[in-house]
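So the structure is just underneath, and the comments pick up after that.
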Amino acid sequence: MPTAKEILEQYCAAMEKGADECMALMADDVVLRAPTMAPPIPQEVRGLAQVRPLYEMLFAQVFDEFRWTYQVYATDDDEVAFATAASTPKLRNGLPYKQDYAIYSRVKDGKIVEHTEFMDSNRFQKASVGLFGPAA
């Protein structure tokens with residue numbers, strides 16, 4: 001069985017490929033949190049039925065290409081891994097966007113069951129102009 005660190009490393013690599021690759025690493029009852037994010041991105045979604053449309057929207061509507069550098073860390077808890085990351089994706093609106101992340105993932109039976117990402121929502125809001133319609 002892969003370790004939490006290995007699964008989080010796979011997830012980080014999958015973010016550069018697309019929604020399907022990310023979903024393959026998540027449990028059916030996954031809880032995804034982005035507590036620092038502002039609308040229209042929800043701060044919490046539960047279950048693949050909610051997570052999948054969010055990721056599909058991000059890859060179809062927001063990111064033209066997602067690239068980042070990351071470092072994943074194991075913990076004393078076999079189910080938990082952390083990562084730090086920095087991204088410079090290409091957005092569909094052409095605006096520049098750089099982001100820094102702190103990521104926490106809990107893994108059970110080789111699947112992510114809990115995933116939390118902290119980032120600067122102000123950077124995202126400034127760069128996402130026009131991506132979600134006039135209200136964003």
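Just so you know, these numbers use all the heavy atoms, side chains as well, and skip hydrogens, waters and symmetry mates.
- The closest donor-acceptor contact from the side chain of Q43 to the backbone of P35 lies under 3.5 Å.
- Using a distance-only test at 3.5 Å, with no hydrogens or angles considered, a donor-acceptor pair links the side chain of Q50 to the main chain of R46.
- Counting only residues at least two apart or on different chains, the salt bridge (charged side-chain N to carboxylate O under 4.0 Å, His left out) pairs with a member in residues 49-60 are D20-R52, R52-E56.
- Annotation: side chain of C12 is in contact with side chain of V72 (closest heavy-atom distance under 4.5 Å).
- At distances below 3.5 Å, at least one donor-acceptor pair connects side-chain atoms of R92 with backbone N or O atoms of A60.
- Rounded to the nearest 0.5 angstrom, E79 CD and R106 CZ are separated by 5.5 Å.
- From L131, atom CG reaches atom CE of M57 across 9.5 Å, with rounding to the nearest 0.5 Å.
- Partners of Y73 under the side chain to side chain donor-acceptor pair (under 3.5 Å) rule, at least two apart in sequence or in another chain, do not exist in this structure.
- Residues V31 and M26 form no side-chain contact, since every pair of their non-hydrogen atoms from C-beta on lies 4.5 Å or further apart.
- Inter-residue side-chain proximity for S128 and V62 is flagged as unmet; no heavy-atom pair is nearer than 4.5 Å.
- Here the side chains of T84 and Y70 are not in contact, with every heavy-atom distance at 4.5 Å or above.
- Note: E65 CD to L91 CG = 11.0 Å, rounded to the nearest 0.5 Å.
- Considering only heavy atoms from C-beta on, L48 comes within 4.5 Å of M23 through its side chain.
- Annotation: ring-ring contact (aromatic ring centres under 6.0 Å, His included) contacts of Y55 (sequence neighbours excluded): none.
- The distance from the CD atom of E21 to the CZ atom of F59 is 8.0 Å, given to the nearest 0.5 Å.
- Applying the ring pair (Phe, Tyr, Trp, His ring centres under 6.0 Å) test to pairs two or more places apart or on separate chains, none has a residue in residues 13-34.
- Note: the hydrophobic cluster containing V45 also contains F132 (ILVMFWY, side chain heavy atoms under 4.5 Å, direct or indirect links).
- F124 has its side chain within reach of M37: a pair of non-hydrogen atoms, C-beta onward, lies under 4.5 Å apart.
- For D77, the CG atom is densely surrounded, since the number of other residues' heavy atoms within 6.0 Å is greater than 12.
- A donor-acceptor contact shorter than 3.5 Å links the side chain of N93 to the backbone of V129.
- Nearest approach of P42 to A34, heavy atoms of both residues: O-CB, 4.4 Å.
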Show which side-chain atoms of residues 110-121 pair as donor or acceptor with protein atoms under 3.5 Å away, not counting sequence neighbours.
unit_1	atom_1	unit_2	atom_2	d
K111	NZ	A24	O	2.5
E114	OE2	R33	NH1	3.0
H115	ND1	S105	OG	2.6
H115	NE2	E117	OE2	2.8
E117	OE2	Y11	OH	3.1
D120	OD1	N122	N	2.9
D120	OD1	R123	N	3.4
S121	OG	T36	O	2.9

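- The line from SG of C22 to CE of M15 is 5.0 Å long, rounded to the nearest 0.5 Å.
- No side-chain heavy atom of T3 sits less than 4.5 Å from a side-chain heavy atom of D78.
- Legend: residues meeting ring-ring contact (aromatic ring centres under 6.0 Å, His included) with Y101, ordered by chain and number and at least two apart, are W68.
- At a threshold of 4.5 Å between non-hydrogen side-chain atoms, the residues F82 and I103 do not count as touching.
- The two residues P96 and A127 have their closest heavy-atom pair at O-CB, 3.6 Å.
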